[in-house]
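For reference, the structure discussed in these notes is given below.
These numbers were taken from a predicted model, which means no experiment stands behind them. Numbers restart at 1 for each chain; the letters A, B, ... are given by sequence-line order, proteins then strands.
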2 protein chains.
Amino acid sequence: MAAAKLIKDPREQQSVRLWLELLRCAKTQETRLGARLRKHYGHSLTRFDALSQLYRAPDMTLPVTALATRLLASSSGNITGLIDRMEADGLVVRSPNPDDRRSFIVRLSKTGTTLFEKMAIEHGHWVRDGFEGLSDSELKNLQASLIRLRKHLEQED
Amino acid sequence: MAAAKLIKDPREQQSVRLWLELLRCAKTQETRLGARLRKHYGHSLTRFDALSQLYRAPDMTLPVTALATRLLASSSGNITGLIDRMEADGLVVRSPNPDDRRSFIVRLSKTGTTLFEKMAIEHGHWVRDGFEGLSDSELKNLQASLIRLRKHLEQED
DNA sequence: TATAAATACTTTATATATAAGATATATGTG
DNA sequence: CACATATATCTTATATATAAAGTATTTATA
C-alpha cells in the first residue's frame, strides 16, 4: 500500500509540484548543455560558467572571491582547485593584486577568450533549441514570473 | 572596454536570458533548501531526494538502478557510495533481489521512514514560503509553461 | 601605534558527479 | 547447451561541492 500524503495544504502541494517541475527543467537543461560542452569542447559547464563571468568582467579580470560569488552553474566550492586546473590548461592566468597583497586576480588568457567565444555561440544555439516549444510571448511571461520568484527568494533569509 | 555581444539573434538572446534566470531560481532554491536540511537534520538534499523516491515507491523499495534514474536533486553518480553511506547511517537496507541475482533492492528502514516524514513536512513549508510572492494563478501558469518546456527538452536528443 | 576584527585565499576532509572499465549474471539466438 | 550481447552493480580515477580551519593581510578602532 502506498503511503498517505504527508502534505495536506493545497497551496503547499501546488508549491512542491511546481518546485519539482522547475528543478526537473533546470537539471534536464543543465545535463543537456553540460554533455554537449564536454563532447564538443572537452570542458565542463562549470568551466564555461567561469569563462563567461570573466569574459563579461572589465578587462576580463576578476578577483578570486568575485569570480567565486558570481558562479551560477557551479558553486564556489574549491574555487582554488578550479582555477588551478584552468590555469594548467592555459585558459586563465592568476597574478597578485598590487593594491591588496591578500588578493589574487584571475584574467582570461588569449586562449581562454578565443575558446569562450566559440563555445558561447554554439551554447546560444543549444539554449534556443531547448526553448523551441514556447512562443515569444510565453518566453517573456515565463521570464517575468521567474524574475519575481528569484527576487522573492533572494530577499528571504 | 567591454566585449561586444557575441549573440545577435533576439530570440536567442531572450532564450539565454531566460535560461540564466531559470538556473538562478533553481540554484537559489536548491541552496536554500539544502542549507536548511543540513542545518535542521544533518542530511544533504541528495539524501532527502533518495529518501523521497523510496518513500513513494511500492513497499518503499527500489532496485538500485531504478533509484539512480529517479534521482532529481542529484544525479546517479556514485549511487553505490550514496547507498553505502545511507545504509551505514541506518536509513536504508540493501538486500539481494531473489528474482535476479545481478540486482540489489534498497528499502527504506523504519528509521529512514520516520526521518523522511518529519523532513518532508518541514520541507513543504520551506518550499511554500519560497513561492510566497506569486499568486495561485501565477503558480499554475508557471507550472504549465514549465511542463511544456520539460516535455520539449525531454523529447530532444 | 596596538590590537581586535574582517577579508582573501588556501588547505584539508568528506560528499557527490561523471566517465571508463571490470565482474557477475541474465537473456536471446543458434 | 554454447555463445554473443545486454544488464546490474561495483571499482577506479578525476572533477566538483560543502564545510571548517589556517595564514597572511587589511581595516577599524581605541
Side-chain angles (χ1 to χ4, degrees), chain A residues 23 26-28 30-51 61-89 91-92 94-106, chain B residues 23 26-28 30-51 61-89 91-92 94-106:
Chain A
L23 186 57
K27 291 285 172 184
T28 306
E30 231 184 317
T31 303
R32 192 173 155 268
L33 293 174
R36 293 186 184 189
L37 284 173
R38 187 170 298 281
K39 179 177 171 189
H40 289 248
Y41 298 98
H43 293 286
S44 67
L45 195 58
T46 296
R47 285 184 177 203
F48 177 72
D49 189 14
L51 293 174
T61 64
L62 283 175
V64 173
T65 301
L67 175 58
T69 56
R70 287 176 201 209
L71 289 178
L72 259 186
S74 58
S75 183
S76 54
N78 199 6
I79 187 73
T80 300
L82 176 64
I83 297 171
D84 283 350
R85 286 182 295 273
M86 289 177 73
E87 191 170 31
D89 286 350
L91 302 178
V92 301
R94 187 164 15 190
S95 50
N97 183 344
D99 299 332
D100 185 340
R101 275 184 293 172
R102 294 170 304 176
S103 174
F104 285 82
I105 287 181
V106 184
Chain B
L23 187 57
K27 291 286 172 183
T28 305
E30 232 184 316
T31 303
R32 191 172 155 269
L33 293 174
R36 293 186 184 190
L37 284 173
R38 188 170 297 281
K39 179 177 171 190
H40 289 248
Y41 298 98
H43 292 286
S44 67
L45 194 58
T46 296
R47 285 183 178 204
F48 178 72
D49 189 13
L51 294 174
T61 65
L62 282 175
V64 173
T65 301
L67 175 58
T69 57
R70 288 177 200 207
L71 290 178
L72 262 185
S74 59
S75 183
S76 55
N78 200 7
I79 188 75
T80 300
L82 176 64
I83 297 170
D84 283 351
R85 287 182 296 273
M86 289 178 73
E87 192 171 30
D89 287 349
L91 302 179
V92 301
R94 188 163 17 191
S95 50
N97 183 344
D99 298 331
D100 185 340
R101 274 184 294 173
R102 296 169 304 176
S103 173
F104 284 84
I105 287 182
V106 185

- For the residue pair A:Thr61 and A:Val106, establish whether any side-chain heavy-atom pair is separated by less than 4.5 Å. no
[X] [atom1] - [N] [atom2] separation (whole Å):
{"X": "B:Leu37", "N": "D:dT18", "atom1": "CG", "atom2": "P", "value": "13 Å"}
{"X": "A:Asn78", "N": "D:dA19", "atom1": "CG", "atom2": "P", "value": "14 Å"}
{"X": "B:Leu33", "N": "D:dT18", "atom1": "CG", "atom2": "P", "value": "13 Å"}
{"X": "B:Arg102", "N": "D:dA6", "atom1": "CZ", "atom2": "P", "value": "13 Å"}
{"X": "B:Asn97", "N": "D:dT9", "atom1": "CG", "atom2": "P", "value": "8 Å"}

- Message: Taking side chain to side chain donor-acceptor pair (under 3.5 Å) as the definition, give me every residue that meets it alongside B:Arg101, ordered by chain and number, with sequence neighbours left out.
- Response: none
- Query: Think B:Thr65 has a side-chain N or O under 4.0 angstrom from the OP1 or OP2 of D:dT7?
  - Reply: no
- Under 4.0 Å: is that the gap between some side-chain N or O of B:Arg94 and OP1 or OP2 of D:dC10? yes
- 5'-most contact on DNA chain D: A:Arg101 or A:Arg85, nearest heavy atom basis? A:Arg85
- Query: Heavy atoms under 4.0 Å, any strand shown: does A:Thr80 hit a base, just sugar-phosphate, or nothing?
  - Reply: base
- Query: Counting any heavy atom closer than 4.0 Å, what does B:Ile79 reach on the DNA or RNA strands: base, sugar-phosphate only, or nothing?
  - Reply: nothing
Treating [X] as the side-chain partner and [Y] as the backbone partner, does any N or O pair qualify as donor plus acceptor under 3.5 Å?
{"X": "B:Lys27", "Y": "A:Leu72", "result": "no"}
{"X": "B:Asn97", "Y": "B:Asp99", "result": "yes"}
{"X": "B:Asp49", "Y": "B:Leu71", "result": "no"}
{"X": "A:Asp89", "Y": "A:Leu91", "result": "no"}

- Message: On DNA chain C, does the nearest nucleotide to A:Lys27 precede the nearest nucleotide to A:Ile105 from the 5' side, or the other way round? Give the residue.
- Response: A:Ile105
- Message: Reading DNA chain C from 5' to 3', where do the contacts with chain B start and stop? Cut-off is 4.0 Å to heavy atoms.
- Response: C:dA15 to C:dA26
- Task: Any side-chain hydrogen bond (donor to acceptor under 3.5 Å, both in side chains) involving residues 62-88 of chain B? Give me the pairs, sequence neighbours left out, ordered by first then second residue.
- Result: B:Asp84-B:Arg94, B:Glu87-B:Arg94
